[in-house]
Amino acid sequence: NSCYGRDASSAVAAAGNILMREEVLKTKYIVQTAVIAAVYAVFTLVLSPISYGPVQVRVSEALTVLPGFTPAAVPGLFIGCFISNMVGPYGVIDMICGSVATLIAAFLSHLLRARKQLIPLPPVVVNGIVVGCMLHYAYEIPGLLACIGWVALGQTVACCGIGLPLMRLMERYKDIF
């Protein structure tokens, strides 16, 4: 009987440890999501003169390399973009189109996490196409290909020019994720 009691208490302790670890992981995920969203929104809003429009360099898009380190970056980038677009000049259409483009790009970047050098590619392509089309069709900015090209160029500056060096730096500190 005492043998069963000891086994049962060990099993209960092990189950408790598993539940505790799951709670810690959930909390860590939520905190990472919130921090990434906040940093994205702050960078976008502080640098708002260059964060919106057909010719834009949204510096916060450098954070789109973070899905290569943590899945929490996917909703974090989406939420940060949504908040930024709430106060941006393009209203509801940008809140939906721009934020969903960021969500799709972040998810695709997360899928590419094993091929680090490709992580910045989805935000450049997806946002170039989606935001470029949105600017052209919804806001009648002339030149569809020019809109796509200018947005993609700004994304390249942010995601590759700033994001890749950020990613190399984060490699040294990846244990924080």
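Numbers here simply count residues along the sequence, with the first being 1.
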Heavy-atom pair with the smallest gap, counting every atom of [X] and [Y]:
| X | Y | result |
| --- | --- | --- |
| Ser60 | Phe43 | CB-CB, 3.7 Å |
| Leu144 | Gly132 | CD1-O, 4.4 Å |
| Phe82 | Ser99 | CA-OG, 3.1 Å |
| Leu135 | Pro54 | CD1-CA, 3.5 Å |
| Gly68 | Ile119 | CA-CD1, 3.5 Å |
| Leu166 | Ala62 | CD2-O, 3.8 Å |

Charged N to carboxylate O below 4.0 Å: is that the case for Lys26 and Glu23?
-> yes
I want to check something: taking the side chain as every heavy atom from C-beta on, are [X] and [Y] in contact at a cut-off of under 4.5 Å?
| X | Y | answer |
| --- | --- | --- |
| Glu61 | Asn127 | yes |
| Lys116 | Arg168 | no |
| Leu77 | Pro67 | yes |
| Phe177 | Lys28 | no |
| Leu66 | Leu63 | yes |
| Ser84 | Arg58 | yes |
| Pro120 | Val65 | yes |
| Met134 | Ile93 | yes |

State yes or no: do [X] and [Y] share one hydrophobic cluster built from I, L, V, M, F, W and Y residues joined by side-chain heavy-atom distances below 4.5 Å, directly or via other members?
| X | Y | result |
| --- | --- | --- |
| Ile176 | Tyr40 | yes |
| Leu118 | Val126 | no |
| Leu145 | Val151 | no |

Please confirm whether the backbone N or O of [Y] pairs with a side-chain atom of [X], one donor and one acceptor, at under 3.5 Å?
| X | Y | answer |
| --- | --- | --- |
| Lys174 | Phe69 | no |
| Gln155 | Pro123 | yes |
| Thr33 | Ala72 | yes |
| Arg172 | Leu169 | no |
| Asn85 | Asp94 | yes |
| His136 | Cys147 | no |

[atom1] of [X]: more than 12 outside heavy atoms within 6.0 angstrom?
| X | atom1 | answer |
| --- | --- | --- |
| Phe107 | CZ | no |
| Tyr52 | OH | yes |
| Tyr137 | OH | no |

The single option from Val59, Ile50, Val57, Val124 passing side chain to side chain contact (heavy atoms under 4.5 Å, CB included) against Val157 | Val57
Test applied, side chain to side chain contact (heavy atoms under 4.5 Å, CB included); reference residue, Val42; option that passes from Leu45, Val39, Thr44, Val46 = Val46
First locate atom [atom1] of [X], then atom [atom2] of [Y], and finally report the distance between them rounded to the nearest 0.5 Å.
| X | Y | atom1 | atom2 | value |
| --- | --- | --- | --- | --- |
| Ser109 | Met167 | OG | CE | 9.5 Å |
| Thr64 | Ile36 | OG1 | CD1 | 11.0 Å |
| His110 | Leu108 | NE2 | CG | 11.0 Å |
| Cys133 | Ile141 | SG | CD1 | 12.0 Å |
| Cys160 | Leu121 | SG | CG | 7.5 Å |

What about the rings of Tyr90 and Tyr139, do their centers lie closer together than 6.0 Å?
-> yes
Please step through side chain to side chain contact (heavy atoms under 4.5 Å, CB included) for the pair Val130 and Val100, ending with a clear verdict.
-> CA-CA 9 Å; Val130 173; Val100 169; over 6 Å; no
Polar contact flag, side-chain donor to acceptor under 3.5 angstrom, Ser51-Gln56 | no
